[in-house]
Protein chains: 2
Amino acid sequence: MPRAGLDPDRVVRAAADLVDDVGHDQLTLAAVAAHFDVAVPSLYKHVGGIDDLHGRLAVLAVEELGARLAAAAGGPHAGDEPFRTLARAYRAYAVEHPGRYAATVRAPGPDDVALRAASDAVLSTVLAVLGDLGLTGDDAVDAARAVRSALHGFVTLEAAGGFGLPRDVDRSFTSLVDTLHRGLLA
Amino acid sequence: MPRAGLDPDRVVRAAADLVDDVGHDQLTLAAVAAHFDVAVPSLYKHVGGIDDLHGRLAVLAVEELGARLAAAAGGPHAGDEPFRTLARAYRAYAVEHPGRYAATVRAPGPDDVALRAASDAVLSTVLAVLGDLGLTGDDAVDAARAVRSALHGFVTLEAAGGFGLPRDVDRSFTSLVDTLHRGLLA
DNA sequence: TGACAAGGCTAAGACTATTAGCCACACTGG
DNA sequence: CCAGTGTGGCTAATAGTCTTAGCCTTGTCA
C-alpha cells in the first residue's frame with residue numbers, strides 16, 4: 001500500500017485541470033481519484049467532499065483571475081487603455097480556463113474568508129482602473145458591477161455557445177468594451 | 001394502478017416550478033416523480049430522461065422570456081424608453097423565475113429547432129428595440145450581444161449573490177442600463 | 001366485446017457521494 | 001536501533017442518482 005503523496009493543493013489543482021477539460025459541472029471525486037490512481041474515499045483525507053472541493057476550486061480560480069487582472073492593470077498596456085487591457089485579460093482567462101472560470105461564480109459563504117479575500121482583490125483591481133477613469137464612491141461601485149456583469153455575461157454566453165449568429169465574436173467583444181467605456185465616461 | 005394523467009407538458013411545467021423553488025442544478029427526476037406521486041421510471045414514458053427534460057425546460061423558459069420581452073417592447077412603456085422597459089422586463093423574469101432563467105442558458109443543439117426558434121424570437125425583439133435606436137446590421141448584432149451579455153451577467157451575479165457590497169442593487173441595475181444606453185447611442 | 005396501444009409498475013445495473021473502520025507505512029522519541 | 005504512533009491509504013457498506021428491460025393493467029376504438 002504505497003503512499004500516493006496527495007495533499008489538498010494537489011487535489012485542488014487536479015480538479016482545476018479536470019474541469020477545464022470536461023466542464024465545471026462534470027467534476028466528480030471519481031475522476032479526481034482516477035487521475036491519482038487512488039480509491040475515491042482516500043480523497044476525504046485531504047478535502048471534505050465534493051462541496052468542499054468546489055469551494056477550494058473557487059478560491060483557486062478567483063485568485064488566479066485576480067492575479068491576471070492585477071498584472072494586466074499594472075503592466076504595460078500595449079498602447080491601449082488600462083480599461084481595455086483589463087477587459088481583454090478577463091476574457092482571456094475565461095477562454096483559456098473555462099472550467100476554472102465557471103468555478104468563480106460562487107457566493108462566498110458567511111465565513112468563507114479565503115474566497116471573500118480573493119473576490120475583494122479582484123474588485124479592488126477593477127475599482128483602481130475605474131478610479132483612473134474618474135469614477136469614485138457609489139458611482140464606482142455601480143460601474144464595477146456593470147463592468148463585471150458585462151464581462152461575465154459575455155464570456156458565459158460565449159462559453160455556452162449562446163452566440164448563434166455568424167458575426168465575429170472577437171469584434172463583438174471589442175464593441176462591448178467600447179460601448180461600456182463610452183457609457184462610463186459620458 | 002390508476003393512471004396519473006401525465007403528459008410531457010405537465011412534466012415540464014412541474015420541473016419548471018421545481019427549479020424555481022430549489023435551483024436549476026437541483027432538478028432530479030426523483031423530485032418530479034414525487035410531485036406526481038409516481039415512480040421515477042414512469043416519467044420515461046413522457047420525456048427522454050434528465051437531459052431531455054433540461055432541454056424541454058430550456059424551450060419553455062426561453063419562450064416565456066420571449067413573451068415577456070415582446071409584451072414589454074410592444075406595450076405601454078410607462079413614460080420610459082422601450083430600451084429600459086425591455087431591460088426591466090428581462091431582469092424581472094430572472095428574479096421571479098430564477099430556475100427557469102438559469103435553464104435559458106443552453107446552446108441549441110444542431111437540430112434543436114424549438115429552442116433555436118425561441119431564441120430567435122428573443123433576439124428579434126431585442127433587435128427591434130435596437131433598431132428604434134438607429135442600430136442596424138453588424139452594429140445591431142454587436143449591440144444585441146452587448147445588451148444580452150450585460151443583462152445576463154447582472155441577473156446571474158445577482159442570483160448567485162455575487163454583489164457583496166451594500167450598495168443598492170436596484171440602483172446599480174438602473175445605472176447599468178443607463179450606461180449601456182449612453183454607450184450605444186454615442 | 002375483444003384487441004391493442006399507452007401508461008403505469010417492479011426489478012436490476014451502473015453510476016455518484018459519503019461514512020465507518022481497518023491496516024501498513026513512515027516518522028519520531030527514547 | 002527499535003517501539004510507538006499518527007497519517008494516509010484501503011475495503012465494505014449505505015444511500016442517492018439515472019437508466020433500461022420487461023410486465024401488466026387500464027382505457028380506447030373498431
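In what follows, chains carry the letters A, B, and so on, assigned in the order in which the sequence lines appear, proteins first and then strands, with residues in each chain numbered from 1.
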Check your understanding: Do A:Arg68 and A:Glu96 come close enough that some side-chain heavy atom pair is under 4.5 Å?
Key ->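 They are in contact (side-chain heavy atoms under 4.5 Å apart), so the answer is yes.
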
Point to revise | Validation row: A:His97, A:Leu65 side chains within 4.5 angstrom (heavy atoms) | key: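 A side-chain contact is absent here, since even the closest heavy-atom pair is not under 4.5 Å.
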
Exercise for review: Assess A:Arg91 against A:Phe154: is NZ or CZ under 6.0 Å from the centre of the six-membered ring, and within 45 degrees of the ring's axis?
Suggested key: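 No, A:Arg91 does not lie over the aromatic ring of A:Phe154.
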
Check your understanding: Should the pair A:Arg100 and A:Tyr93 be classed as cation-pi, given the thresholds of under 6.0 Å to the six-membered ring centre and 45° from the axis?
Key -> no

[N] [atom2] sits how many Å from [X] [atom1], rounded?
X: B:Leu6; N: D:dG27; atom1: CG; atom2: P; answer: 14 Å
X: A:Lys45; N: C:dA24; atom1: NZ; atom2: P; answer: 15 Å
X: A:His46; N: D:dC10; atom1: NE2; atom2: C1'; answer: 12 Å
X: A:Asp25; N: D:dT17; atom1: CG; atom2: C1'; answer: 15 Å
X: B:Asp37; N: C:dG7; atom1: CG; atom2: P; answer: 19 Å

**Study point:** Any donor-acceptor N/O pair under 3.5 Å between C:dA6 base and B:Arg3 side chain
**Key:**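 Result: at least one qualifying N/O pair found.
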
Study note, to complete from the structure: Nucleotide by nucleotide, nucleotides 13-19 of chain C touches protein heavy atoms under 4.0 Å in the pattern (B base, S sugar-phosphate only, - none) ---SSBB

Check your understanding: Taking atom CG of A:Asp25 as the centre, does the number of heavy atoms from other residues, nucleotides or ligands within less than 6.0 Å exceed 12?
Key ->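 It does: A:Asp25 CG has more than 12 such atoms within range.
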
**Study point:** Neighbour count above 12 (heavy atom, 6.0 Å) for B:Asp7 CG
**Key:**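 Atom CG in B:Asp7 is crowded, with more than 12 foreign heavy atoms closer than 6.0 Å.
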
Check your understanding: Looking at B:Ser42, does any N or O in its side chain come under 4.0 Å of the phosphate oxygens OP1/OP2 on C:dG7?
Key -> no

